[in-house]
> 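Take a look at the following structure, please.
Below, read A as the first sequence line, B as the second, and so on, with proteins coming before strands; counting in each chain starts at 1.
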Amino acid sequence: MILMLKQLGNKRIALGILIVCMLFYPFSVGYSSYFLTLFVITCIYVITSLSLNLLVGYGGQISVGQAGFLSVGSYSVAILSTKLGLPFLVVLPLAGIITALIGLLIGLPAVRLKGHFLAVATLGFGLSVPQIALKWDKLTGGFSGLSVTPSSLFASETQLFYFFVFLTVLIIWLINNIVKSSIGRAFIAIRDSEVAAQAIGINLSFYKTTMFVISSFFTGIAGGIYGYWVGFVSPNDFVITNSFLILAMIVVGGLASIPGSIIGALLFSIIPHFTDSYVGITNIVIGVAVVLIILFKPKGMVSMFNFKRNKSEKTKKNELLLKEEGNRGVNI
Amino acid sequence: MQILMSGLIFGCIYGLTALGLVLIYKTTDIVNFAQGEMAMVTTFVSFVFLSNFGFGYIPSLLLALIFAAIFGIAIHQIVMKRVQSAPPLNQIVVTLGLFMILNGMAGLIWGHKPTSYPQAVKGDSIKLGSVFITPNELFILCITFFLMLIFFLLFRFTRVGLAMRASAQDIKASQLMGIKVTSVFTATWAVGAILGGVAGIMTAPITFLDTQMMFEVLIMAFAAAVIGGFVSLPGAVIGGLFIGVFENLIAFYISPEMKLVYTFLLIILVLYIRPQGIFGGKQTLKKV
Amino acid sequence: MIKNKKQKFFTIILLIISLFTITACGNQSASTSQQGKNVSQGVTDKEILIGHLGPQTGPVAVYDYFRKGIDAYFKYVNENGGVNGRKLKLIAYDDQYQPSRTIKNAKRIVNEDKVFAMLGDPCTPCNSAARNIFEKAGIPMVMISSGAQQFVNPPIKNYFGSSILNYRVETRVFVDYAVNQLHAKKIGVVYQNDDYGKEGLTVLKDSKNIELVAEVPYVAGDTDLSTHAEHLNKAKPDAIMVLGGPTQAANLKKELYKIGMKDTPYIVSSVGANDRNLFKLAGKDVWEGTISAAAFPMPDVSNDPSMKTYVEQFKKYYPNDPIDGFAQNGWAIAEVLVEALNRTGKDLTWDNFFKALNSFDNWDGSIYEGVTFNKNNHYGLTTMILTQAKNGQILPLSGRITFDPDTTEITYEK
Amino acid sequence: MLTFNDVTVQFGGLTAVDNLSFEVPEGSIYSIIGPNGAGKTTVFNCISRFYTPAKGSIKFCGDEITKYKPHQIINIGIARSFQNVELFSKMTVLENLLTGLHPKLRKNIFAISLNLPTVKRSEEDSRKKAFEVMELLKITHLADEQVSNLSFGFQKMVDIGRAIMADPKLILLDEPVAGMNPIETEKISQLILNLKNEMNYTVLLIEHDMSLVMKVSDAVTVMNFGKKISEGTPKDIQNDPVVIEAYLGEVNLHAEVK
Amino acid sequence: MLKLNDVHAFYGRVHALRGVSLEVPEGKIISLLGGNGAGKSTTLNVISRLIQPKEGNFELNGQSMLKKSPSDMVKQGVIQCPENRRVFPLLTVEENLKIGAYQRKDKNIQLDMEKVYTYFPRLKERKIQKAGTLSGGEQQMLAIGRSLMGKPKILLLDEPSLGIAPILVSEIFKIIKEINNEGTAILLVEQNAHMAMSISDYSYILENGRVALEGNSEDLKNDDEVRKLYLGA
């Protein structure tokens, strides 16, 4: 127990350092609008990849259309704030809820599908959202997009920045709680064995739908953050290649791992910073990174960080098992 | 009628690409998102033979297909071999990575301007009843069914086909029976790349030669493969035809902008009723 | 184990922090405007920084030819001594036609790289998204590569012109031509369901003297236009207008040709037609006779010395790339920019630069037919010609056609 | 307690279970034996509601269970283990056991995502419960091991442990000692007897290992081709010529071939 | 004929074999016993060349086999019938048998298939059925029959009695004996020590990746310690 507390304390210190760093980030980049934007877009991808990881990494339900939810979220914000004139604090949660409802609609048929079949169904969703946005111009402004009425709550970009960073940290914490809870265990149970999950009383269709709803809710919020930060949404914002990229983020970062999602999102949000000034190599660099990391770190980048722990634990484990076996020449 | 006909032609294109997808999936259990880009690269290579070296159509085609085979082998040996036993998601993402690399490289090498690509068979359109069709389109129809038949027979009746089916089901047991599984897989990638190449070369005169030429085709090919059950070669082609025709009907009678949306709605509907696709085997309940 | 878990956590946090610090430090050396001298940001004694955001990869990477054209002209100018002793430096980022990336890079190019002006950014939605940033910064936006109305009318202080013909003006000219010259009343239109098509479509819908008998949209990236051809075939229009890109224009004409609609006049907007490559894409016979508009004649039929320089120089810097298409626009807008820089002189401030731009009065020193700016006219390209595809060439079909933003009247030169 | 009444299960044209009737009395260990493909696991899958019988009724404590969905079966008090160990392989032993408590935990998503004290408390309680079960199975030292790293024997233990977690009335064990040697088998048989004697569970068992069946069972049903061919105490069964012919082969349990 | 000498092998990071030496002479049945995780299957996989040993020698007829591939071993007549049967579920019974003869190019394949059918008449009845629809016992027969199609000189059998009804177990062991009588050497890995010792000539008992005991099966069977630990008596 004491040990656990100690660990908790240390984690808190670590978290504290992280938060202090985030607080000082705007200073360290001289309030540069570009670096703030880079950070916020990273935050958006952190939230999105976490939500996708909840669905794919923990729940085992492949989704290749996550960017569709981002689009829905950002359009919700634009429509609610501009066309209906609702205030910020109402709009952002509503964007999550609207996206969650769409997630529910997708989740219902997806419950029956598995593997590639589910992948294609979600792919279709990801492809369709921009097309619908383009077509439904009365609501979405079609090709010319929609601007988002900025919130009067925040006096400056920096304030908005802090709020969004706070929101991201909050969402990471919420998702962390969910995956560590009985609901999170139910997701993993469904991923690992559907029959056993049912036998211990997990309602498959309910939990699969729940996964889609939770995942799309947070992604919708991320889309909302995008809408407010950029102030303008259009059908081209989140296309199918973004979905692919988000999928790559969680696999490259580490499936079923919260630090993994964060690392993956970070990596792929920052690569373009270094490559954009060279003509046409961004995608090649990202592709090469994806292939190399998966070839050499199949469990994702997160496995680089607990390499030591893995090794010591493994050897310990083997000794343990073999000792057991050795006891009486047989093992149990 | 004309709409049905052009739907069938596009359906063939989807079907051809889906054939390659299904072939690779059926044998190696990998969903190859880079299939379209591999096809695109092969098509560009054939165009290099055609225009830069000035070879004829047939020699260029053959050389390009040889290139495709080598290309497929290289991709398997360098990359895919190493993820053969990885989780499916890793495999999917690796092929997505390849997709990005191939697309980017092709853009750097050949630029982004659409270029015309010669048809396999030239000639003006013929009028059959109320339907116009060009000889090239007839050729595409024939080659699709021909390839489908060839590979179907290959799988069903030859020793190699048997080895492919066995390797797909149980790698270890196949090795123990003396099958060189890695070679079988390498060969599958080679053949898959060749099939992709044929699809690309058939597509190019219609969509023009361009780094993006296979993207939409690939997505529809996926849909076709899924409708066909993902393991059935005739299923892939029939799925392709089905989607091609459906897409055109939607485009004509409802709205050309929404054909993709409706097509995927239909697919979700089909899968909802038959989660294993139309030609997929019975869904086996896992034995517990 | 517990200790190790902690370590892991720390390592990750350290990584996150260091990554961001690296990113942040990477750009600390951005150039600062020189105090004391009378110049705006991005200008030093030796250099003028010019920015360009556009897709270099992805589905519409074909717009990268704008950048190539600009780049070629900049190199050419630099080789000949630059502008008033200053060399031009082009800073370009890839936005993959995605507004989210444009926004990020727009802030980067304005605040970190601190460019003097932006030149020729394509992509209407990206430009709309970034408009706030550029307007707020007041940075000169020269000849953006979008023909959408919102960037030129009403005039915005720092936005000057577009590199391609204004979609609405162009469509008005087409309507006039169809009604007056072709005596067409029934028009069938196939349009791309984005800014390319829909801006023009509003003009068609407002035109009183024509009847729209078919109105078929397609999605950018569509390759199968057989159903569109069927729709046109059923509607039997007197003339067909295509408001969209080249591949679809070619594909549609091929389909029409296949089902026997060979003789209906075929009018294609300038983005979809100003390229001799189309004869190859559609087929030589098929493309024959297509009518379009252009801001400049094609290189092979032009006697303009500027055009000759373009052909020569572009081939030198980009030997493998075709000279037709967007590279021409890129070259042309770079010419406009350099002319304006020259007219501004040594004291390169934004205000002076705007004044210099406003002194353009049907300037035809570039490969464009004419460029005009004044207080009320930020269109830039108000002069165009109609063209027709004949025998593998795209030939002028009319004299200069001029649009006057003040009176919104169009005058035709005989 | 559990009653099968004329149950028939069909797949396509194949009859997997044919007019089967039997009754498991409360507080007993009841075994089903029979050759491969005799339909034993199908019986389990009917109780788990993965299959639905074509005809007949299955009653548990007088309650018809065919009306329930698979995930509801645990709530009426039936838990099961699996022939090939269906554990959640990436979870630790502790987490696997915790999943067994799933039906009993509060699942308010808002409370969970905010990690409210009530959630923490119930989580703490369930961990306590899990450690009790591990104590019983003597696997406490493995609590934080990922189950995929465990040997098959331990995995079987965890599988059974997970079934116990929810405090069911009836536990279904599907070949708990398949692939184990005599010593391991002995341990498991002790455990099964414990379940009955000390914890008052009713056990329904499928097994090939006759030594286990003979040792622990109160009653045995023998199935062949989906039909019940014999029923009785282990002794009766062992001497039933029908059973010997169809299943045991020779009277000697370990038939020697020489 | 086949000889392992002080073989060490790793399974991932687990040191699975820690110096195994054993020998399979021509025409004999050798049994390899031990608990779960003792290294029995690993030993077979080393012989089938699916695992490369870290140290040690592995010889067939005096020639080192360390550089051969799995398919080479099949060519040499060393064929493994893997644990859990692992038939190809979507292939028919006949196709499964054909796969067994994959390496062979001679004309006698059909004859050998008939021979397998005489060993296992049930398989003949189910010739065109998909292997996945067979019962566990029938699948085991098919797995053995499939291995026989490769004309093995040494047959490696991994747990043929696993999860099979007692009556079938004795039937299968009878056939194993018969196969041996026709001259094929057999290396039998078994959990069911009693059964295995009854039909084998010589036995090795593995523990923790080492050979703990070896000897004539008859002697071991009567050894008190062995009886206590492995036979559950």
> Below 30° counts as parallel, above 60° as perpendicular, anything between as tilted: where do the rings of Y30(D) and F22(D) land?
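Y30(D) vs F22(D) ring planes: parallel.
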> Sort and list the pairs that fulfil salt bridge (charged side-chain N to carboxylate O under 4.0 Å, His left out) and have at least one residue in residues 38-53 of chain D, not counting sequence neighbours.
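Of all non-adjacent pairs touching residues 38-53 of chain D, none passes salt bridge (charged side-chain N to carboxylate O under 4.0 Å, His left out).
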> Heavy atoms only, distances under 4.5 angstrom: which of A189(A), S182(A), A199(A) has the most pairs with chain D? Name it, please.
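Going by pairs under 4.5 Å, I would pick A189(A).
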> Measure distances from E123(D) to the heavy atoms of chain A and classify the residue's part below 4.5 Å as side chain, backbone, both or neither.
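Contact with chain A: side chain only.
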> So that I can tick it off, tell me whether K156(D) and D159(D) are bridged by a salt bridge, with the cut-off set at under 4.0 angstrom between side-chain N and carboxylate O.
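So D159(D) does not pair with K156(D) through a salt bridge.
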> Tell me, side chain or backbone of Y58(A) under 4.5 Å from chain D's heavy atoms, or both, or neither?
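It is neither, since no heavy atom gets under 4.5 Å.
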> Counting only heavy atoms closer than 4.5 Å, note whether K69(D) contacts chain A via side chain, backbone, both or neither.
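Looking at K69(D), nothing touches chain A.
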> Between S48(D) and chain A, with a heavy-atom cut-off of 4.5 Å, which part of the residue counts as in contact: side chain, backbone, both or neither?
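Neither part; nothing is under 4.5 Å.
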> Can you tell which part of N115(D) gets under 4.5 Å to a heavy atom of chain A, answering side chain, backbone, both or neither?
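Both backbone and side chain of N115(D) come within 4.5 Å of chain A.
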> Keeping the roles fixed (side chain from Q190(D), backbone from I188(D)), state whether a donor-acceptor pair exists under 3.5 Å.
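The answer is no, because no donor-acceptor pair under 3.5 Å joins these two groups.
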> Check V203(D), I73(D), I78(D) against L172(D) for a side-chain contact (heavy atoms from CB on, under 4.5 Å) and give me the one that passes.
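It is I78(D), the one option of V203(D), I73(D), I78(D) that forms the side-chain contact (heavy atoms from CB on, under 4.5 Å) with L172(D).
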> Given heavy-atom pairs under 4.5 angstrom as the criterion, report whether the side chain, backbone, both or neither of I214(A) touches chain D.
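The answer is the side chain of I214(A).
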